[in-house]
Amino acid sequence: MSNSTEKPTGSEPAAAPVHRHFIHETLARDVEAGRHGKRIATRFPPEPNGYLHIGHAKSICLNFSMAREFGGTCNLRMDDTNPTREDVEYVESIREDVRWLIQGWADKSLRLKKQGDASGVGVSAIESPGQAVEPFYASDYFGALYEYAETLIRKGKAYICDLTPEETEKYRGSPDVKGQDSPYRNRSVEENLDLFRRMRAGEFKDGARTLRAKIDMSSPNIWLRDPVLYRIRHAEHHHTGRQWCIYPMYDFAHCLSDYIEGITHSICTLEFEVHRPLYDWILQALELPRELPRQYEFARLNLGYTLMSKRKLLQLLQENIVTGWDDPRMPTLSGLRRRGFSADSIRKFCERIGVTKYNGLTDASLLELSIREDLNARAHRVMGVLRPLEVVIENYPEDKVELLEAVNNPEDPSAGTRQIPFSRVLYIEQDDFMENPPKKFFRLVPGGEVRLRYAYILKCVGVDKAPDGRVVRLRCTIDPDSKSGGSTASRKIKGTIHWVSASHCVQAEVRLYDRLFTVEEPDAGSNPDFRKFLNPMSLEVLTECRLEPRLKDAQPGESFQFERLGYFCADAKDTHPGKPVFNRTVTLRDGWAKEQQKPS
RNA sequence: UGGGGAUUCGUCUAGUGGUAGGACGACAGACUCUGGAUCUGUAAGCCGAGGUUCGAAUCCUCGAUCCCCAGCCA
């Protein structure tokens, strides 16, 4: 929340935060009006058919922040009504990702349920330690849902339809052509009940019949043209096994799951706006005793240079374009985590982008800002040379080693200092030396000087080349009085570069990640093949990197700033004791790169 | 051309009849032993046309453009 813009009245402090998005305002109004006994209960209802991505994070943050703000609850619920696409692998990843994202922030609002309980009553996971808990499952309510369906039949508000899928489509009409009533629309309650029970008993094949709501085939809203409520699927369900061969559709299951769990505000994305009349119709048709939940819609996240559809992300994986759901180039929470994004930075990002009904395209720089901001404050600075160029200091004794003091984080004095070894042979970055430098290049050039970070001023006195002309070694000298903190240390030198001592450094693999696509909207347009826009440079693996000694002990997942280069984290999977592998999370802002891009 | 939504700097977002503000990005400068961080400054916007009003981003009318809906997916 930003600060109030209101002027203080008298000696009173400024008023409470004023920037509230429309969902927040709705909830505040409902609490004010005493709806639901002033209670707020939201839910995050992913379908376990893929991994959670940054778009889900927006929804998670929204739902949990509302629960948090109003002292309410937020249920984690698997929206698992389609057995053919769902899997326990996804259930587990979703649990982990949600927990990771909200940990220490909204975990008090999180509601799970006692293992095996199907009542829809939640428990606080952190307030009931030791208790076996699990997410809510829409599939836990299949029994209750079935009863509601029979109730609807008895009320004459639903019927069994024998139309084939193709016929059903034809009868439905099109947006500007009214539908026609199904010939089975006026079956008796008794016949409907009998048929429905036999559907459940497994007497019919997949697709042979459906249960449909009896609403209005001439409605301008297609979702009100007798929508299918139940379909036959002889399939094993990841949570209910072989217990059922009929499964409820989303529209039937979702509103009722909300009702069963006592959800007050059912927040979803814009594409469900046209379903809202159906959400309300089902709940009202059942004439339920308790106050009903209501659905609200917000715009899903679109982020530049990436994809935000589970189907397309799965395609990337199946075509081996990425290595898995947690490939650091993926916009999944597991991918971002592995890339080095903190939960904090993602929450900050979600707060920054706001919540509206405008379907926009969020600039990727906003996400980069969030992680840079976070890591700038927290990450320890280290020196690492990605593409080494050997430097021999001719006026430095061969057997001498000095330990130089370096600060761990200039943004945080409490992070302390460390000692780094300096010796006659060093590595510097190939990019930090140029024989024929362009204007404004102020690093090392033949005959020129540069400051070695935390060490001496270095002068290049000779360049050794391979037969092919490639520079293989720099012969240099140091100004012995120029040691950081020394007598002539304050001599002004334009450039400062990083380095490592050749005999002390650790060799490591570093993976340089870049955006996955070359265009902002790889899936824009009617039928685009987003693979055409894959960025061939989205991953570059460097195996000859030389890092300062302390990095040998980097812990999996630990983040650092490699000075002048960017933020890197030790890969959680491939880092082994003494043998780290680093992922570049994000580069530092690079004024030099910008300078180079300028036309001239 | 049926229905449902949306439209404010390049991007995201405030504003609810009374000076269009913030953030990112861009640009310029200061500072800097990270071309980082930090600081300062600059440019940049109400989809359009009418109307109501002393006064309109805001209210009314008519247009324009974009998104969503014709799964027995969610």
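In this text, all values refer to a predicted model and were calculated from it rather than measured experimentally.
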Side-chain N or O of A:T81 versus OP1/OP2 of B:A74: is the shortest distance under 4.0 Å?
yes
Out of B:C68, B:C24, B:G35, whichever nucleotide has its closest atom nearest the side chain of A:K440
B:G35
Should A:R352 be listed as having a side-chain N or O under 4.0 Å from OP1 or OP2 of B:U11?
no
Any side-chain N or O of A:R564 less than 4.0 Å from the OP1 or OP2 oxygen of B:G35?
yes
Return the stacking result for B:G35 and A:W592: yes when the ring centres lie under 5.5 Å apart and the planes under 30°, no otherwise.
yes
Select one nucleotide: of B:C68, B:G2, B:U34, the one nearest the side-chain heavy atoms of A:R453.
B:U34
Who does B:A70 pair with, Watson-Crick or G-U, both distances under 3.5 Å?
none
Relative to A:Y159, does A:R212 satisfy both conditions: NZ or CZ under 6.0 angstrom from the six-membered ring centre, and within 45 degrees of the ring's axis?
no
More than 12 heavy atoms of other residues, nucleotides or ligands under 6.0 Å from CZ of A:R294: yes or no?
no
So what does A:R225 touch, heavy atoms closer than 4.0 Å: a base, only the sugar-phosphate, or nothing?
nothing
Look at A:R231 and B:C73 and indicate whether a side-chain polar atom (N or O) is within less than 4.0 Å of OP1 or OP2.
yes
Salt bridge present between A:K483 and A:E402 (N-O < 4.0 angstrom):
yes
The side chain of A:T356 lies closest to which of these nucleotides: B:A37, B:A6, B:U13?
B:U13
